[in-house]
Amino acid sequence: MTEELKVVFTIDSDYLSLVDALGLDFTRDGYDLTIPVYVDKEEWQEILSYCDGNVEAIMYQLFENHALVESCSGYVVEHI
């Protein structure tokens, strides 16, 4: 069984309408929105190696949306 990870991206709340339009789950945290994504550990390792740790490239691999990527200020990985 593959281990699943929760990756939580932080974006500016000015992008709320885009997040809603994309139908993404989110939580409001002050002036930011946090968006959780669940990926298996192997997939996450592939994404990290392909993107060389670049947060914008990582987010694009998962969401494929340039506007969302531009608003990202970081991410946190949680083991679940």
Side-chain angles (χ1 to χ4, degrees):
M1 186 168 151
T2 304
E3 182 181 356
E4 191 172 49
L5 303 172
K6 178 180 179 183
V7 183
V8 181
F9 291 91
T10 302
I11 67 166
D12 189 290
S13 62
D14 289 344
Y15 289 80
L16 178 59
S17 60
L18 175 60
V19 171
D20 279 339
L22 295 172
L24 301 174
D25 291 331
F26 70 92
T27 303
R28 189 176 288 275
D29 184 17
Y31 293 107
D32 295 323
L33 303 175
T34 57
I35 303 170
V37 178
Y38 298 89
V39 296
D40 67 53
K41 190 173 182 177
E42 290 177 15
E43 179 185 5
W44 180 247
Q45 289 172 339
E46 281 183 35
I47 291 170
L48 282 180
S49 65
Y50 178 75
C51 298
D52 198 30
N54 179 290
V55 67
E56 291 88 3
I58 291 168
M59 193 170 193
Y60 188 77
Q61 286 295 310
L62 293 168
F63 295 100
E64 297 183 350
N65 184 294
H66 288 290
L68 198 61
V69 169
E70 291 173 0
S71 69
C72 183
S73 60
Y75 67 90
V76 175
V77 179
E78 302 173 1
H79 294 267
I80 55 173

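Nothing fancy with the numbering, it's 1 onward along the sequence.
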Is the shortest heavy-atom distance from the side chain of [X] to the side chain of [Y] under 4.5 Å?
{"X": "Val69", "Y": "Phe9", "value": "no"}
{"X": "Phe26", "Y": "Asp32", "value": "no"}
{"X": "Leu24", "Y": "Leu68", "value": "yes"}
{"X": "Leu22", "Y": "Phe63", "value": "no"}
{"X": "Thr10", "Y": "Asp29", "value": "no"}

Which heavy-atom pair separates [X] from [Y] by the least distance, and what is that distance?
{"X": "Pro36", "Y": "Thr34", "value": "CD-O, 3.8 Å"}
{"X": "Tyr15", "Y": "Ala67", "value": "CE2-O, 3.6 Å"}
{"X": "Arg28", "Y": "Leu33", "value": "CA-CD2, 4.1 Å"}

- Message: Among Leu62, Ile11, Val8, which residue satisfies the side-chain contact (heavy atoms from CB on, under 4.5 Å) criterion with Ile35?
- Response: Ile11
- Message: Tell me whether Asp40 contacts the main-chain N or O of Glu42 through its side chain, where contact means a donor paired with an acceptor under 3.5 Å.
- Response: yes
Hey, could you give me the [atom1]/[atom2] distance between [X] and [Y], rounded to the nearest 0.5 Å?
{"X": "Ser71", "Y": "Glu56", "atom1": "OG", "atom2": "CD", "answer": "10.0 Å"}
{"X": "Glu70", "Y": "Asn65", "atom1": "CD", "atom2": "CG", "answer": "9.0 Å"}
{"X": "Asp25", "Y": "Tyr38", "atom1": "CG", "atom2": "OH", "answer": "8.0 Å"}

- Val77 with Val39, same ILVMFWY side-chain cluster at under 4.5 Å: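 Val77 clusters together with Val39.
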- Query: Has Asp20 got more than 12 heavy atoms of other residues, nucleotides or ligands less than 6.0 Å from its CG?
  - Reply: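 Buried by this count: over 12 neighbours within 6.0 Å.
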